[in-house]
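Letters A, B, ... mirror the listed sequences (proteins, then strands); counts begin at 1.
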Amino acid sequence: MVALRVKNIRKYYYLKNETITALDDISYNFEYGKMYVIMGHSGSGKSTLVQCLGTLDKPTSGQIFIDGEDVAKMSSWEINEIRNLKIGFIFQNYNLNNTMKAYENVMLPMLINKKYRKLDIQKQACKLLRDIGLNDRLNHYPKQLSGGEQQRVAIARAIANDPKIILADEPTGNLDEENELFILKKLRDMTNEGKCVIIVSHNSNIKEYADVVINMKKGKFIDYGI
Amino acid sequence: MEFKYYLFLAKKSFFNKKINIINTLLLIISTIMIVFVLSFYKTFNSIIDNSLNNDINHRILLVHNVDNNLDLSKMDNVSFQTSFDHFSKYVNTENNDSLVLIGVPDNYLEVNFGQNLFEVEDKNVMICPTRFYLGKDPEKFDQDFLDRLHNGKDYINKSFVLQSDNYEENYKIIGLYDVNKYTYGEYHNCFTRQSNIIDIANAELEYMKQECNDDEQNCDNITSSGGTALLVLKDVNRIDETKRLLQQQGYVVTPKASIVKTEINFFIIIVAVMIVGVIIMTFTIMFIYNKKSMQYNKKNNLIYKALGYNDNILIRINYLESIILSIVSSIISIIVCCIIYVALNHIFAVDIEIANPIYVSYFSFILSFVISLIISFLSIYFAINKNNNSIIEDFADEEI
């Protein structure tokens, strides 16, 4: 079943003296239950693609469908709801709120989820962190956590609302081997649960966990490996 | 999202944004300025009102060019009538201290201690203030003034030789009156019989005539306001009404002391201008800083955007943050104002019994809180609007 579909998407950046093509006529279907790894050199358009898929950026032209619905036809309220309920983001630099404790960071997406209105959000957040092996770090601030621990908090936050789509931009970029392994295994587990996991990475180790490896160059999909 | 979570996020944001230190300081300063401007106005107003209501000189009307036999004392709101020359006299004691003697009917005063004028038959008696200043005219209420301010009770039944031109008599203090009730702020006014003032006036006139005889150049000193009746009124608030009535009857009437209400109206304008100035200055500075702060908050806003937060939620969090800001700054301002108020009263109120206390306008705290709420709200509102109604910027593509 198709989670995300992109159809002829293009993205241009207009600078003073030139136009930069970030995405050049990409069409593809991303399915549930599969892990996609997008690889390519810097400037190939990987991050731009992930941002467009996650509705954080708009393509200059083309269409993006999430669960069969055209994003361009959605209201901003609907798009926000999709980001909250259907998509989980994992960033290279974790992007945690440094003023909040670990469990408070995980609570953030749940605060605006109507499903949690009458439930104890704090308990749910702490459970997620325990499940990911951070039982002793619930009340720590990001600055008090190692890189690997921060990324685990970020993962817990990303899956707090049980989204069906996970978008990860260089999730292991700043981690050591042990933590890298843990994160990749976790992402694989999510895929096995039926989620659509799309990862942007330079890391060739990640290939062994992927179902599909996509190489990008100058805004185009060059080849699709398995 | 439930309100408690809005509050949670707003509190987190408020206590962790460095810009809020500046915002809080600005609001504290503006609150203190507003409180003190309004408190100063209230204190000044109270001094004027007390002076106007209590000082005998402010309840006097002069009726010019009238016959000496004219009797207006039975008129409504008139306490008693005398002539301009026979109302009060400036006299010296044997030690060269000065006093003002005011002549009144025997039953005019209420005395706090001792006896009243109508209770004794002696001629040369006077009723002086409960706090009695003996010395040259005090220019300010300082320690020197305090040193010369005596407890009137120490002077009951004591006598002074009072001197004026061609006049010297022994006067005894038989009673004390409340200075705040009859001569606000004047601590060396004593009341005596009207006949005593007439005696002093006549003695002075004789003296001036003698001087004139000795040297023609001294004849200019002979002045008289004969033909001017002096009316002491009961109710100072009806002074205009009484004045109008007399003028309708064809009399030329002027108040003895100028009423400074026109200055108060001018003062109100000054106060209003100062408050508006404070508000504009505070708002402008806060707006500039908050606009910059929004740009520096991009990272946090990006996180919120990725998690599905829309502009409305974040705007509401910002507004709630501005309410927290107003509450925190108001609480700190109240504490600071109380400290300053106590310090000022300690410094300036030399003696609480004689000096007008510095009032705090409690209404100004409420007004300042409302103003700080409006300022912080508006500064955030306009800062958001400057960012095209969106405080969530698009992702910057790091690779480009």
Practice prompt. Examine whether an atom of B/Y6 lies under 4.5 Å from a heavy atom of chain A, and if so say whether it belongs to the side chain, the backbone or both; otherwise answer neither.
Written response: neither
Worksheet item: How many angstroms lie between CG in B/L307 and CD1 in A/I87, if you round to the nearest 0.5 Å?
Response: 11.5 Å
Response to the item:
In terms of heavy-atom contacts, A/F91 and B/A306 come closest through CZ-CB, 3.9 Å
Worksheet entry | Options A/N98, A/N84, A/T55, ranked by heavy-atom pairs under 4.5 Å with chain B, top entry | A/N84
Worksheet entry | A/N113, part contacting chain B, at a heavy-atom distance under 4.5 Å | neither
Discussion item. Could you check whether any side-chain N or O of B/K12 sits under 3.5 Å from a backbone N or O of A/M100, counting only pairs where one atom can act as donor and the other as acceptor?
Written reply: no
Worksheet item: Pick from A/I112, A/L108, A/L111: which one makes a side-chain contact (heavy atoms from CB on, under 4.5 Å) with B/Y5?
Response: A/L111
Discussion item. Can you tell me how far apart CG (B/N310) and CD1 (A/I79) are? Round to the nearest 0.5 Å.
Written reply: 11.5 Å
Worksheet item: A/L167 versus chain B, heavy atoms under 4.5 Å apart: side chain, backbone, both or neither?
Response: neither
Worksheet entry | Part of A/S76 within contact of chain B (heavy atom distance under 4.5 Å) | neither
Fill in: Which atom of B/I303 lies closest to which atom of A/R157, heavy atoms considered
CG2-NH1, 3.5 Å
Worksheet item: Roughly how far, to the nearest 0.5 Å, is the CZ atom of B/F8 from the CD atom of A/E104?
Response: 4.0 Å
